[in-house]
Every structure is written in structure tokens, then in C-alpha cells.
Amino acid sequence: MNDIDLLPTDIDEDLRTNVRALLAARASAQDVSRVYDEPGFDAPAVDAGLFDELELAGLVIPEADGGDGAGLSAAGTVASEIGRSAAPSLFLSSAVVASRVVFRAAAAERRTGADGPAHKLLRRLATDGTTAALAMDVTARKWSGSLHVTANTAGPSAADDPLEPGAAVELIGIVHGVADAHRADLLVVPARTVGGALVIAVADAADARVTVFPSLDETRRLSEVKLAGIRGQVIAVGDGAQRALERALIDTLAVLACEQSGIVDAAFDSGLEYVKERRQFGRTIGSYQAIKHRLADAWIAANQLRAAAVAAVRTVDASDAGEVSRADAAIAVRTASAYAKTHTSHIVEEILQFHGGNGMTWEFPIHLLLKRAKLDEVMLGGAEAQRDELGRLVDL
Amino acid sequence: MNDIDLLPTDIDEDLRTNVRALLAARASAQDVSRVYDEPGFDAPAVDAGLFDELELAGLVIPEADGGDGAGLSAAGTVASEIGRSAAPSLFLSSAVVASRVVFRAAAAERRTGADGPAHKLLRRLATDGTTAALAMDVTARKWSGSLHVTANTAGPSAADDPLEPGAAVELIGIVHGVADAHRADLLVVPARTVGGALVIAVADAADARVTVFPSLDETRRLSEVKLAGIRGQVIAVGDGAQRALERALIDTLAVLACEQSGIVDAAFDSGLEYVKERRQFGRTIGSYQAIKHRLADAWIAANQLRAAAVAAVRTVDASDAGEVSRADAAIAVRTASAYAKTHTSHIVEEILQFHGGNGMTWEFPIHLLLKRAKLDEVMLGGAEAQRDELGRLVDL
Amino acid sequence: MSSTDTAVPTGGSAADTAAIDAAVSAAAAAARDLTDDAAVWGVLYDHGLAWVDFPRGSGGLGVSGSLRAYAHAAVEAAGLSQPDPRRNTIGFGMAAPTIAVHGTEDQRKLLRDIFTLSRIFCQLFSEPGAGSDLAAVATRAVRDGDDWRVTGQKVWTSGAQNADIAILVTRTDPDVPKHKGLTYFLIDMKQPGVETRGLRQITGESEFNEVFLDDAVVPDSRRLGDVGEGWRVANTTLNSERVSIGSGAPREGGMIGVVASAWRSSTKYRSPVLRDELLGHWVDAEVQRTSGMLLNQKLAAGRPGPEGSGAKVSFSRTAQSLSDLDLRMRGVDGLRYDSWEDRRPTDYSMTGRNPVYRYLRAKGNSIEGGTTEIILNIIAEKVLGLPGEHRTDKDVPFKDMPR
Amino acid sequence: MSSTDTAVPTGGSAADTAAIDAAVSAAAAAARDLTDDAAVWGVLYDHGLAWVDFPRGSGGLGVSGSLRAYAHAAVEAAGLSQPDPRRNTIGFGMAAPTIAVHGTEDQRKLLRDIFTLSRIFCQLFSEPGAGSDLAAVATRAVRDGDDWRVTGQKVWTSGAQNADIAILVTRTDPDVPKHKGLTYFLIDMKQPGVETRGLRQITGESEFNEVFLDDAVVPDSRRLGDVGEGWRVANTTLNSERVSIGSGAPREGGMIGVVASAWRSSTKYRSPVLRDELLGHWVDAEVQRTSGMLLNQKLAAGRPGPEGSGAKVSFSRTAQSLSDLDLRMRGVDGLRYDSWEDRRPTDYSMTGRNPVYRYLRAKGNSIEGGTTEIILNIIAEKVLGLPGEHRTDKDVPFKDMPR
């Protein structure tokens with residue numbers, strides 16, 4: 001653990017600069033607000049920039065599969081910038097969550113020497129502009145195996161189990177609260193067979209009935225996803241499927257912590273600027289000691305969150321490179337996530353309070369950060385859930 | 001609930017004035033410090049005043065049993081004053097805890113019309129200067145029935161069960177962390193028989209081996225109490241014993257909340273005085289806004305705790321008078337206790353911090369309040385335990 | 001304002017209650033044949049039963065404010081209709097007490113209109129540059145013969161779109177320090193120079209308004225208090241505490257009730273840790289309720305204390321914590337919203353709609369009606385006697401102040 | 001203090017490491033036949049290997065401070081003994097860097113004594129009336145020929161009873177504003193005018209001292225810096241940050257390790273709620289450790305950041321929260337103490353003795369070495385650029401200030 005390098009690399013810095021410039025131009029507070037006002041509008045210029053121009057779809061996908069092989073660390077850099085502007089983007093849902101599920105599934109294939117369906121899908125995600133979303137309740141702490149989708153072998157076969165990767169299946173069920181399903185091309189669907197085996201299948205989103213419902217954070221819209229016996233292809237089965245999903249969710253929490261860190265940094269910066277300008281009773285409100293102390297506290301937490309979030313993505317990368325154990329990676333991620341989920345909303349709320357009445361208005365961008373902060377807090381389980389999982393890892 | 005009168009009565013005010021004057025004279029910080037420096041010294045002038053001069057031994061004992069019948073409300077007034085000076089006194093242990101156990105046991109007798117051993121004991125406690133301590137782990141949340149004392153029928157009898165009130169028993173076992181056992185005349189001992197029945201017995205403390213050990217708060221010393229087959233008399237059995245103890249512990253928590261409220265008030269008052277005098281950087285430290293806000297927060301909590309603590313003792317009295325239900329009383333008590341256990345130490349710690357280095361010295365009395373606050377916090381279970389019990393009462 | 005001459009700190013003398021009883025009898029007789037509620041309310045006003053602590057002739061009997069509850073109950077017992085103060089909140093809570101103290105005889109006639117709900121009031125105090133620091137208002141009023149011309153922008157005005165009259169604080173002299181150049185008016189809202197726009201909140205809806213004043217007219221006869229005395233008059237408004245009636249909220253009233261009910265009705269996301277958190281808030285809410293009970297009892301006994309000043313701080317913290325937990329404890333259902341559409345709600349409830357609304361709306365609780373920070377300052381300085389904050393804005397002409 | 005003339009923000013040039021390597025070789029040769037550790041340390045000092053960033057002739061080589069770790073490792077690799085800085089904490093951490101900057105040639109000879117542990121230092125800064133506000137010291141030093149006579153009271157002096165010399169801040173001119181009338185000395189502790197008394201703490205023991213100076217003598221040759229320049233010199237002392245060696249604490253180092261081990265070894269008082277609380281502190285401790293790691297890496301890369309200024313705030317909060325939980329989670333065992341007797345501990349550990357000791361001792365963590373409040377002020381003002389607190393004490397003669 002002591003040897004994880006936490007300093008930004010030149011590549012990180014370049015990536016950050018490019019993404020920040022793009023989002024400054026295309027994800028201003030006005031751009032983001034439109035997403036709330038126009039339920040059919042998803043600020044497509046943002047992802048046109050991130051995916052088509054900056055070519056970030058394959059960032060976390062190995063070079064052998066057509067990606068950049070940049071690892072989770074680079075995704076964390078992008079996510080922290082997305083967090084800063086609460087940008088509506090498929091990056092997390094497709095280029096991180098779905099891609100990491102498929103990546104982990106492909107890794108299972110690799111171990112058996114097969115260049116199977118997961119590898120093929122990974123290449124599509126990296127290279128041909130295809131996007132995907134994970135058909136799972138966005139607030140679920142883990143894939144418990146008790147999900148709501150049933151996979152039947154397609155066609156009139158008698159035996160449901162065992163299924164093999166590559167097998168065609170029929171997917172039946174409803175999942176509530178899927179993130180970004182309404183604009184993904186594919187759905188990655190964790191399911192169980194009638195016989196009880198776990199599988200991960202992939203299906204065309206166009207075949208599903210995807211119904212967006214209004215929710216806390218419209219920059220990451222939620223849907224009910226109804227699968228009425230649609231056709232899917234199995235990409236992982238059994239323990240391999242279970243492990244792939246478990247590890248991919250850890251990966252996601254690490255990148256999410258980076259997004260949360262970006263939210264905190266943006267809120268803090270805007271708050272600091274505001275208190276230096278806003279005057280009440282003849283003084284800037286930043287001259288009042290109670291405000292000063294609370295900002296200093298927020299600054300301490302923001303710094304610590306940044307360090308912990310970078311440690312999380314870097315440790316996952318180190319674990320993938322065989323330098324540290326999977327348990328070490330999971331510990332770093334759960335730690336960062338628990339910390340992020342404890343502090344992010346709180347800091348944004350503090351900054352909102354410093355804005356006084358202005359913070360309650362639609363006009364000031366702080367509410368966009370608040371909504372993203374709160375969504376991120378409950379994604380994949382709250383702070384308590386992360387601490388509980390951490391406790392299992394560190395024998396407490 | 002809405003009709004509980006929370007205003008101080010004239011009798012309350014007189015009692016408060018008398019106790020405050022007595023403790024000001026006999027329980028100064030120097031007096032109290034001596035208890036730490038001299039393990040054999042218990043500041044006897046304090047209880048000489050409270051018991052012999054102010055005659056408070058029978059405060060919560062009915063007039064019919066020789067007491068004042070003033071109810072728990074009056075005991076709360078005394079306790080809050082004792083809390084203010086962290087005075088070393090048997091009042092809580094003997095005149096509240098032990099007396100309420102015996103009172104509740106006597107009430108069970110009354111229901112069966114008997115003027116049994118509990119009533120007789122109650123009269124002794126009220127009138128002849130006898131003191132008692134409850135032989136229970138001071139941190140135990142409840143009498144679980146799995147305590148460490150076994151009661152055998154005394155003499156060569158074959159049948160252990162059932163025992164009757166008044167029966168002579170032999171008490172065998174060890175209890176760790178009994179408050180004030182070293183200077184009580186009697187021990188009130190919850191025990192179970194070999195056959196598993198629950199009893200409350202009373203025994204001479206002189207017959208037990210009572211070993212004081214150094215602990216956090218020397219003003220309420222803790223002991224190991226070893227009962228090597230000593231002789232005791234049963235005062236309650238079975239469900240009656242169980243219920244008597246349960247209700248007496250609720251009574252105790254109510255009075256304890258008053259003591260905690262007194263600790264908070266004393267700490268707050270001394271802190272406010274200190275910050276108005278102590279200067280740093282050319283200003284009183286009470287002029288710094290961060291300190292001002294924290295003191296204002298402490299003041300809010302102190303007020304609320306005072307109201308909740310009074311409501312707790314008054315609601316128990318109202319329940320004893322049949323005006324509200326026992327559940328209402330328990331809810332008021334658990335609420336006040338949970339609040340007291342959440343805030344008391346915290347406020348004292350804040351005040352200590354405002355004292356800077358001086359707060360860390362033996363010379364300033366704040367440490368005496370800190371030690372009492374922390375002991376009170378863990379007595380009969382911490383804040384979490386109180387909330388858990390409350391949850392059962394309010395269906396959460 | 002009380003005209004009782006006894007120094008005994010009680011809720012009012014026997015003579016006072018007798019005066020009320022007599023007034024109620026007389027009003028009941030006078031209203032016997034009236035069928036219109038507003039007419040009945042007019043009779044109550046004329047008999048001094050609107051606000052019994054106000055002077056005779058101004059809707060009151062000059063008795064102690066602690067007898068409001070007594071009077072309210074007496075009128076109710078007589079079977080007479082009484083107006084719902086919530087239909088004219090600013091009128092009852094802020095305008096009336098201020099007019100009663102500072103109004104001319106002519107202005108005091110508005111008290112009857114307030115009580116009978118025939119004129120609805122709103123408040124034009126806050127400005128974009130004057131939030132907690134009300135004395136920093138920049139809206140100018142300039143003398144124009146028998147009138148004043150008012151230009152500026154006000155914010156956080158609820159009900160502006162339905163109001164007839166506003167209480168208004170303006171700057172009439174920018175050449176003197178800021179507390180000294182203010183003047184207070186009662187301005188007609190239904191005129192061309194007054195434009196009301198919804199102020200959209202983070203919930204999506206426009207619960208409040210911005211009000212733009214552009215050469216709006218107010219006659220000098222609607223000036224409340226002297227020119228330059230606006231700060232003193234405004235303080236009467238801000239210090240007006242409505243006398244609470246009854247013995248306070250029931251247990252599990254407000255946000256705690258909403259969340260506790262939700263918890264009881266679903267076992268889906270329960271955990272021991274969340275339960276402990278919920279119970280912690282339950283304790284806080286109940287302790288606040290108990291404190292309010294004690295405060296009411298003190299008030300009723302004529303022994304008011306300063307403890308009430310902390311109530312809003314605790315209330316907003318608990319409302320915020322509970323609405324936060326509410327959102328978190330429901331999984332996806334906690335994230336569902338109804339609509340982000342910009343609407344003008346006709347009424348609203350902090351405990352209404354859904355967890356997302358409640359979470360977002362509760363953020364305003366620690367801001368509106370005095371921020372938590374301002375209240376803590378007031379407690380520290382006014383109650384605890386700690387030194388005031390260093391100020392440089394008290395002696396500089398308003399126009400020379402950095403803003 | 002670095003004499004390197006490169007502007008590149010790295011850990012030191014190749015020439016610097018070569019200089020260190022050469023010095024180590026020479027020192028190893030010179031120390032070959034020495035058996036006495038102190039003699040070896042003297043050789044290290046003479047070869048510039050005591051503090052490599054100090055100037056040549058003052059125990060250093062004038063290279064970057066970031067090369068201390070490199071030098072330490074090189075000396076160790078050469079098999080040479082090095083002194084334990086903890087045996088002269090004030091000497092190494094505060095006196096040496098101050099003497100190196102402000103000392104006369106004669107005074108700089110003390111650096112060798114500090115390094116070889118032949119003179120132990122303590123610190124006489126704080127006073128009963130000057131805690132956070134060090135510039136308020138009232139201890140008077142009055143010129144007396146070639147000497148100064150010092151009278152006053154100092155507090156919070158650890159190791160005073162065993163120290164040979166103290167760094168001392170005194171007031172030499174009460175007629176000028178407080179920051180301007182201070183002078184800094186190196187005073188001999190072993191003299192009749194210096195009396196050391198244990199200062200009893202809430203733990204019962206006397207870990208620190210009060211030092212009473214009654215006409216104590218210090219020669220003018222032991223004055224560090226000019227008369228009236230004491231504030232500037234003291235700031236060198238206070239800003240001396242020891243360069244940290246190695247990659248920081250291990251996971252579960254410090255208080256978290258003590259409490260986590262206790263939790264694992266007993267199931268008696270576990271509950272899901274207490275477990276969640278413990279895990280929350282575990283997370284905080286681990287995040288602090290990670291932040292420290294990042295800071296060390298930045299430092300090693302020559303890119304120090306201001307983030308370290310928050311470390312002590314977090315450390316003290318976590319230590320206090322953990323020691324509190326530790327006491328609460330053990331039932332009666334959490335309340336047991338060993339002794340309240342007033343003792344002078346020869347050494348101590350914040351994580352030692354028992355839960356009661358740790359709980360009480362941790363209360364000092366947010367006070368000693370800069371209170372949490374002072375550190376938050378410094379962060380707000382120096383790092384975040386927020387305005388300083390209003391001060392009236394900077395221009396008034398010290399003698400005229402209310403105290």
C-alpha cells in the first residue's frame with residue numbers, strides 16, 4: 001500500500017486540461033439546467049465531445065481489445081471533471097460501469113483462453129461508438145442474485161441450465177431505477193436463470209421498454225426498464241459472472257469517488273469566491289470567523305477526499321497489474337467511497353448555506369452540484385453500506 | 001403528555017436553593033479534588049449535609065413509608081445541583097437507585113396487600129440513616145437476568161424454588177463495577193436462584209468483600225463486590241422483581257438526566273465566564289465568532305436538556321399518579337436520557353477546549369465535570385442503548 | 001402595549017378576562033343576525049376581539065397578549081366565526097402589530113381590513129444585496145409633492161401576486177449611515193410601477209417572487225413613522241412574535257411524523273444504523289417539542305424566557321437531517337420526483353410532495369426568516385452578552401459603502 | 001537555507017548527492033576507530049552530515065532539505081551510529097534551525113552539542129497569559145551590564161527538569177506594541193533563578209512543567225537576534241518543520257490500531273451502531289494516512305503543498321473520537337484507571353496506559369502545538385486568502401493593553 005504513487009502524471013494532467021476545456025464550453029450551468037427543463041434533452045454536445053472528439057469510450061478498455069488501456073486512474077480524472085460541472089454524460093454509465101462489467105467478464109474468458117463474446121463486446125464499446133448501460137437498480141449495494149430479470153434459453157429448448165457464454169437467451173423482468181438506459185445502445189443485464197444460475201447477458205436497448213421518470217438528478221436520468229422476453233446474449237455465467245460484477249462495482253465506486261471529489265472541489269471553489277465578494281453588515285461574509293472555520297474544515301475534507309479518491313483508482317490499477325492484492329484495492333475503494341459519501345453532500349450543503357437565499361434559487365449553479373452530490377451518495381449503497389463492506393475486509 | 005406541568009414549583013425552588021448553598025460550602029472544586037488525591041476520603045461533609053441536615057434520604061419514598069413523598073421531580077432538582085458541582089454523594093446511589101428499587105418492590109407488595117420486607121426496608125432507608133447501593137454493573141443497560149449472583153435458600157433446604165419475599169437466602173457471586181458500594185450500609189442484590197428464578201435480595205454490605213478500584217470518576221467510586229455465600233433477605237421475586245428493577249432503572253435514568261443537565265449548566269456557566277475574561281490577540285476570546293456560535297449551540301442544547309430532564313422526572317411522577325401511562329413515562333425518560341447522553345460530554349468538552357491549556361490542568365474544575373459527564377454517559381447504557389429501547393416503545 | 005397596571009407577572013388580571021367576556025357577549029348580540037363571515041369578523045374587530053392586546057379602537061381591549069388564547073377560546077365558545085390568520089399571514093403577523101404601534105389614526109383603519117381579510121398584505125423587505133443585513137436596502141424612495149416615487153428590486157416576497165398592499169422598507173437618504181436613511185411605507189401593489197415575477201427555487205417551482213418597483217407611487221399619507229425612522233419601524237415588524245395558541249405541536253408532528261410513518265410502513269431499507277439515526281432525530285424532535293411546551297407554559301405564566309430564540313435553529317437542523325435520511329432510506333423510491341416544471345404553487349407544505357422535494361425545500365429552513373448564523377449571533381450577543389461583531393458600516397454614509 | 005542555485009523543483013541535484021556521498025565516505029574513514037557513539041556523532045557533524053541542508057560549518061552541506069532522507073540512509077548504509085532526535089526533541093526540532101539562521105558564529109557552536117546530545121534543550125515560550133497569542137508574553141528581561149536579568153513565568157514546558165538550555169522569548173520593551181518589544185535568548189536552565197515545577201494535568205500526572213524565572217541571568221552573548229527582534233526569531237522556531245523521513249505511518253498506526261485491536265479481541269459490547277462508528281473513524285484515519293502519503297510524495301518531488309496544515313486538526317479529532325469510543329465500548333473495563341497520583345512520567349504515549357488515560361490525554365491534542373481554532377484561522381487566512389480577524393493589539397504599547 002505504501003508504494004502506490006498518488007502524484008498526477010503528465011498524461012493525467014493533459015487529460016484533465018482537455019476535458020475541463022471541453023466541459024467549460026459545453027456544460028455550463030445554463031447547458032446543464034436545460035436538462036431539467038427539457039425532459040427530452042440530454043445535452044448531446046457533451047458526449048459528442050467526450051466520446052467522438054476526445055475518444056474516451058475505450059479509456060479503461062485494454063489496448064488488446066481496441067481501447068486505450070489507460071486504466072481506472074484516467075477514468076477518475078475524467079470523472080472528477082464531469083463532477084465539477086455536474087455534466088450530463090454517459091461516461092460513467094457506459095465507459096466505466098458497463099465497460100468494466102464487460103472487461104471483468106472478458107478477463108474471466110481470458111483465463112480460459114477463449115476470445116469469447118465479452119471480448120467482442122468490449123471491442124465494440126471501445127471502437128464503434130456503441131454505448132451501454134447496466135440494467136441494475138442504481139441504489140443497490142450489490143448484485144444480490146435476487147434481481148428481477150429471468151433469463152430463459154431462447155427457443156424451445158428443454159434444459160434451462162447450464163448456459164454457456166455466447167448462448168442466446170430470452171430476458172424477462174423489470175428493473176427500477178436504471179441510470180442512463182434511455183440513451184444507451186445496449187443493456188448489460190445481470191439475471192438469473194429459472195434454474196437459479198447467475199448470468200450476465202447483453203441485449204439491444206431498443207428491444208426493451210425504457211421509461212424515464214423524473215428524479216433527483218436529471219443529469220443522470222433514471223428509468224424503469226421492462227424486458228418482455230427480449231433476446232440477449234450471455235457474456236458471463238455462474239461464479240465468473242458474480243465475480244465480474246462484484247469487481248466492476250468496486251471499480252465504479254472508485255471512479256464515483258473521483259466524481260464526488262470533483263463536485264466538492266467545484267462547490268468549494270464557487271463558495272470561496274462567493275464569500276470573498278458578498279458583503280453583509282459592511283464586511284465580506286468570508287471575513288466572519290464562523291464562516292472561515294467552516295470553509296477551512298471543508299478545505300481539509302476536500303483535500304483528503306481528493307487523495308483518497310486518487311488512491312482508490314490507483315490501487316485498483318495496481319491490483320489489476322498484480323502489484324497489490326484485490327483486498328487492498330477493495331479496502332482503498334470502500335474507504336474512499338465511505339469518505340466521499342459522508343462528506344460530499346455535506347460540503348455542498350455548507351456552500352449552499354453560505355450563499356444564503358441565493359443558494360435556494362434556480363439561477364445559482366450550486367443546486368446542480370447538490371443534486372448530483374446526493375445521487376452519488378446513494379448510488380451503489382450509502383456511506384453505511386460502504387463501511388459495512390469495509391468492515392468485512394478489515395476484520396471489524 | 002401535553003398536560004405535564006414543567007414549571008418549577010416553589011418547593012422545587014426552595015430545595016434547589018438549599019442544596020446549592022450546602023454544596024457551595026462543602027463541595028468546592030478543592031473539596032471534590034481531594035477525593036481523587038485521597039482514595040480513602042469521600043468528602044463526608046457533603047452527605048452529612050444532604051442526608052442528616054437537609055434530610056433528603058426519604059425524598060422519593062412515600063409518606064406512608066416514612067419518607068417525604070416528594071416524588072422523582074424533587075430528586076431531579078437535587079441531582080441537578082449535585083451535577084453542577086460533581087459532588088461526591090450517595091444521593092443518587094442510595095436515595096434514588098436503591099430506594100426506587102425497594103419502592104418498586106414495595107409497590108408490588110402493596111398490590112397483594114402485604115406490608116412485607118420491602119416496605120420495612122423502605123422505612124429504614126427513609127428514617128434511620130441506613131444507606132444502600134444496588135449491586136449491579138453500573139454500565140449495564142438492563143438487568144438481563146444473566147447476572148453474576150446466585151441466591152440459594154439459606155440452610156439445608158432441598159428445594160431452591162420458589163422463594164417468597166422475606167425468605168432468607170445465601171448470596172454467591174461477583175459483580176464488577178458497583179457504584180458507591182464501599183460506603184453503603186446495605187446492598188440491594190438482583191440475583192437468580194439455581195432454579196433460574198429472579199429475586200431481589202438485600203444484604204449487609206459489611207458481609208461482602210467490597211474492593212474499590214481506581215476509575216474515571218472518583219466522586220462515584222466503583223468496586224468489585226464479592227459475595228461469598230453471605231446472608232440476604234428476599235424482597236421481591238419473579239416477574240415482580242423483574243418489573244421493579246426495570247421501572248427503578250427508568251426512574252434512575254430520569255434523575256440521571258437531571259444530574260447531566262446540572263453538569264452542562266455548570267460547565268456552560270463557567271465557560272461563558274471564562275471567555276468573557278480571557279483575552280488573546282487583544283480581544284476576549286468570547287468575541288470570536290466561531291466561539292460565539294459554538295457557545296450559542298451549547299446554550300440551545302443546555303436549555304433543551306433542562307426541559308427534557310424535567311419532563312422525564314415529572315412524567316414518571318405523573319405515571320405513578322396514574323395520570324399518564326407507564327409507556328409515556330418510559331418514552332419521556334428514554335428521550336431525555338438519549339439526549340443527555342449525546343450532548344453532556346460534548347458540551348463539557350467544548351468548554352474545556354475554550355479553556356485552552358488551562359482546561360487540561362488539574363487546577364481548573366472543568367475536568368471534574370468532564371469525568372462525571374463521561375461516567376454518566378455510560379451509566380445504564382449509552383445513548384445508543386437508550387435510543388434502542390426508545391425505538392421499542394415508539395414502534396421504530 | 002399592555003395597558004394593565006399590575007406588576008404581577010401573570011397572564012392577566014381578573015378585570016381583563018371580565019372585559020373580554022363582556023366584549024364577547026356584546027359581539028355575540030351584535031352578530032346574532034349576520035350570515036356573512038366577513039361581517040361577523042368586522043363585529044369582532046369593532047368589539048376589540050381581533051387582537052385583544054391592541055389598544056381599544058384598534059381591534060383590541062388593551063389587555064395582556066397572553067390573553068389572546070383566552071379570547072380566541074371565548075369567541076369560539078360563543079359560536080362566532082373567526083378569520084384564519086394563514087389567509088393573511090403577513091397582515092396578521094407583521095403589518096398589524098407594526099401599524100398598531102406606528103400608524104396614524106387613518107392608517108390604523110387598515111387593521112380592520114387586515115382582520116376581515118379584505119386587504120391582503122405582503123412584505124417588501126429583502127433585496128438581492130440586503131439579505132441578513134436588512135439595513136442595507138438600496139430601493140430608493142424620492143419625495144414628489146405629496147407622494148413618494150419608489151424604484152428598486154425586492155426579493156423573497158411570498159404572495160406578492162395576490163397581495164393588495166405591501167409593507168415596504170426604502171432608502172430615502174443615501175447620504176447618512178445606513179440605519180439612518182430608511183423610511184417605511186404601506187404601498188399599493190396593484191399599480192403600474194409594481195411588477196411581480198416568480199423566483200424559481202431549487203425545487204423547480206416559484207414559491208416566492210421578485211418584485212420590481214419602477215417609479216411606483218406611494219402617498220406620503222401611507223408613510224409609517226417619520227422619514228428616516230424606517231429601521232426602528234422595521235424592527236417592530238421583525239420583533240412581532242405571534243402569540244402561540246394552544247399547547248404546541250403533537251408528538252411526531254412535522255417532518256419526524258412523515259419519516260417515522262414511512263419507516264414503519266416499509267421494511268425494505270431498514271438497518272440498525274439507519275434506525276439509530278432515525279431515533280436520534282426522533283429524540284431531537286421530541287426534545288424540541290418538550291422545550292416548546294415549557295416555553296408556552298412560561299409564557300402563559302407571564303414568565304417568558306429567551307430560550308425560544310434557539311427553536312428555529314433546532315427546527316431547521318432536524319428538518320434537514322430528517323429529510324436527508326428520508327431520501328436515503330428508500331432506495332430508488334427516495335429519488336423519484338414529480339416534476340421540475342416551473343410552477344406557482346397556490347399553497348405548499350414543507351412536509352408535502354415527495355422526499356426529493358422535502359430534502360431540497362428544507363435547505364431553505366436555515367436561511368429564510370433569519371439564517372442560522374444570524375440567530376446564533378443574536379443568541380451570543382443578546383442573550384449570552386458576548387461582544388458584537390466588529391462593524392465598519394454604522395457610521396459611513398450609505399452611498400460611500402462598498403457593496 | 002539551501003545553497004543550491006538551481007530553480008528546478010526537484011529533490012536535489014546530482015552534485016548534491018555526490019557531495020553527501022563524499023562526506024559519508026570521509027566521515028566513515030574518520031570514525032573507523034571510534035567506539036563511543038557521541039564521538040561518532042561529532043564526526044558526522046563535522047562532516048556536514050547532521051542536517052545536510054544547514055550551511056557548511058554548521059553541521060550541514062548546504063544542500064536541499066529534501067535530501068535529509070537520502071543522507072540519513074547513506075550514513076546508515078555506512079554503518080555509522082546516528083543520534084535519536086527524540087532524545088533532544090526541542091534541540092533538533094526548534095533550537096537548531098533557529099540557531100542556524102539567527103545565531104552568531106559562537107552560538108552556532110551549540111549546534112554540535114545539540115546533535116551529539118551533550119546539551120539538552122527545552123522551550124520557554126508559552127505563559128499563563130500568552131497561549132495561542134505568543135506575542136503577549138510578559139516575562140521581562142532587563143539589561144544589566146553584559147547580562148540580562150529575566151523574571152516571569154512560563155508554562156507547558158516539557159522536559160524542563162532535565163534540560164540544560166532553554167530557548168526563551170522575553171519582553172524587553174513594554175513601551176512599544178507587543179510584537180516589537182520581544183527579544184529571544186538561549187538561557188542556562190541550571191541556575192538559581194530558574195525553578196521548575198510539575199504542572200499537573202487532568203490525567204493526574206505532571207507531564208509538563210511551569211518554569212518560574214526570578215532574576216535569572218542570561219549573558220548578552222546568548223541573545224539570538226537583535227533586541228526587539230524576538231518575534232521574528234520566534235517565528236523561525238515555530239515555522240521549523242521537521243522533514244519527515246520514510247513513507248509515513250502504517251495502516252492502523254496510532255489510536256485507530258489500539259481501538260481496532262480491542263474491538264477484535266472482545267465481542268462483549270459490540271453492536272452494529274458502535275461498529276459503524278468505529279468504521280467511520282477507521283475510514284477517517286486511513287484517509288488521513290493516504291493524505292499524508294500524498295503530501296510526502298509531493299514533498300519528495302519538490303512540490304510541497306499547503307494541505308499539511310490540516311493534518312493536525314484531523315489527527316486530533318480522530319484521536320479524540322476514537323479514545324471516546326474506546327472508553328464507551330468496554331463497559332466497566334472502559335472506566336478502570338491505574339492511578340490518579342501526581343507523577344512525573346519519564347516518557348509517555350498518547351496510546352498508552354488505559355482507555356481513561358487516552359480519553360483524557362487526547363483532549364489536549366486539539367490544544368497543544370496550536371489549537372484547532374488557531375489552525376483553522378491560519379488555513380482560512382493564509383491558504384484560502386480570507387480576511388484576518390479584526391485586531392486592536394498591534395499598535396498599542398504592550399503596557400497599555402488590557403490583559
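Sequence lines set the chain letters: A, B, ... in the order given, protein chains first and strands last, and positions in each chain run from 1. Only a predicted model underlies this, so the values are computations on that prediction, with no experimental measurement involved.
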Any donor-acceptor pair under 3.5 Å from A:Arg279 side chain to C:Met401 backbone | no
| field | NZ/C:Lys312: more than 12 non-hydrogen atoms of other groups inside 6.0 Å | value | yes
Comparing C:Gly334, C:Pro402, C:Ala135, C:Gly131 against chain A, the one with the most heavy-atom pairs below 4.5 Å turns out to be C:Pro402
Salt-bridge present (C:Arg317, A:Glu349; N to O < 4.0 Å): no
From the list C:Arg391, C:Arg361, C:Gln320, the residue making the most non-hydrogen contacts under 4.5 Å with chain A is C:Arg391
Checklist entry - Under 3.5 Å, side chain of C:Asp133 to main-chain N/O of A:Gln280, donor-acceptor pair present? => result no
Test item: C:Trp340 side-chain N/O and A:Ser215 main-chain N/O as donor-acceptor pair under 3.5 Å
yes
All heavy atoms of A:Pro214 vs all of C:Asp338, minimum pair found to be CG-O, 3.3 Å
From the list C:Ser132, C:Gly364, C:Gly331, C:Ala136, the residue making the most non-hydrogen contacts under 4.5 Å with chain A is C:Ser132
| Is there a side-chain contact between A:Gln353 and C:Glu373 (heavy atoms, below 4.5 Å)? | yes
- Message: Counting only heavy atoms from other residues, nucleotides and ligands, does the tally under 6.0 Å from CZ of C:Arg343 exceed 12?
- Response: yes
When the 4.5 angstrom heavy-atom criterion is applied to C:Lys178 and chain A, the contacting part is side chain
Interface check, chain C: of A:Gly382, A:Gly357, A:Ala290, most non-hydrogen pairs under 4.5 Å belong to A:Gly357
From the list A:His367, A:Glu377, A:Arg141, A:Arg283, the residue making the most non-hydrogen contacts under 4.5 Å with chain C is A:Arg283
Margin query: Determine whether A:Phe281 and C:Ile374 satisfy the following criterion, side-chain contact (heavy atoms from CB on, under 4.5 Å), listing intermediate values before the conclusion.
Written below: CA-CA 11 Å; A:Phe281 306 105; C:Ile374 292 290; 3.6 Å; yes
Separation between OH (A:Tyr36) and OG (C:Ser339), nearest 0.5 Å, reads 13.0 Å
field: C:Phe208 and A:Met360, any side-chain heavy atoms less than 4.5 Å apart
entry: no
In this structure, are over 12 heavy atoms from other groups packed under 6.0 Å from A:His346 atom NE2? no
Whatever's closer than 4.5 Å to a heavy atom in chain A on C:Tyr357 counts as neither
Under 4.5 Å to a heavy atom of chain A? For C:Leu376 that would be neither
The interface call for A:Glu38 against chain C, heavy-atom contacts under 4.5 Å, is neither
Task: Salt bridge A:Glu363-C:Arg200, side-chain N to carboxylate O under 4.0 Å - done: no
Next item on the list: Kindly check if the number of other-residue, nucleotide or ligand heavy atoms within 6.0 Å of NZ (A:Lys276) is above 12?
Entry: yes
Applying a strict 4.5 Å limit to non-hydrogen atoms, the region of C:Val332 in contact with chain A is both
Between A:Lys371 (side chain) and C:Ile202 (backbone), is there a donor-acceptor pair under 3.5 Å? yes
Cut-off 4.5 Å, heavy atoms of chain A, and the answer for C:Pro128 is backbone
Chain C shares the most heavy-atom pairs under 4.5 Å, among A:Asp37, A:Thr139, A:Leu370, A:Val378, with A:Thr139
Under 4.5 Å to a heavy atom of chain A? For C:Ala130 that would be backbone
Check: Looking just at side-chain N and O atoms, do A:Gln289 and C:Glu389 make a donor-acceptor pair shorter than 3.5 Å?
Finding: no
Okay, C:Asp342 and chain A: the region with an atom under 4.5 Å from a heavy atom over there is neither
Any side-chain heavy atom of A:Thr361 sitting closer than 4.5 Å to one from C:Trp156?
yes
Without swapping roles, check the side chain of C:Gln201 against the backbone of A:Trp362 for a donor-acceptor pair under 3.5 Å. no
*Atom NZ of C:Lys399 with >12 non-hydrogen neighbours under 6.0 angstrom*: yes
Turns out that what part of C:Leu335 lies under 4.5 Å from chain A's heavy atoms comes down to both
(message) I want to check something: taking the side chain as every heavy atom from C-beta on, are C:Arg336 and A:Leu216 in contact at a cut-off of under 4.5 Å?
(response) no
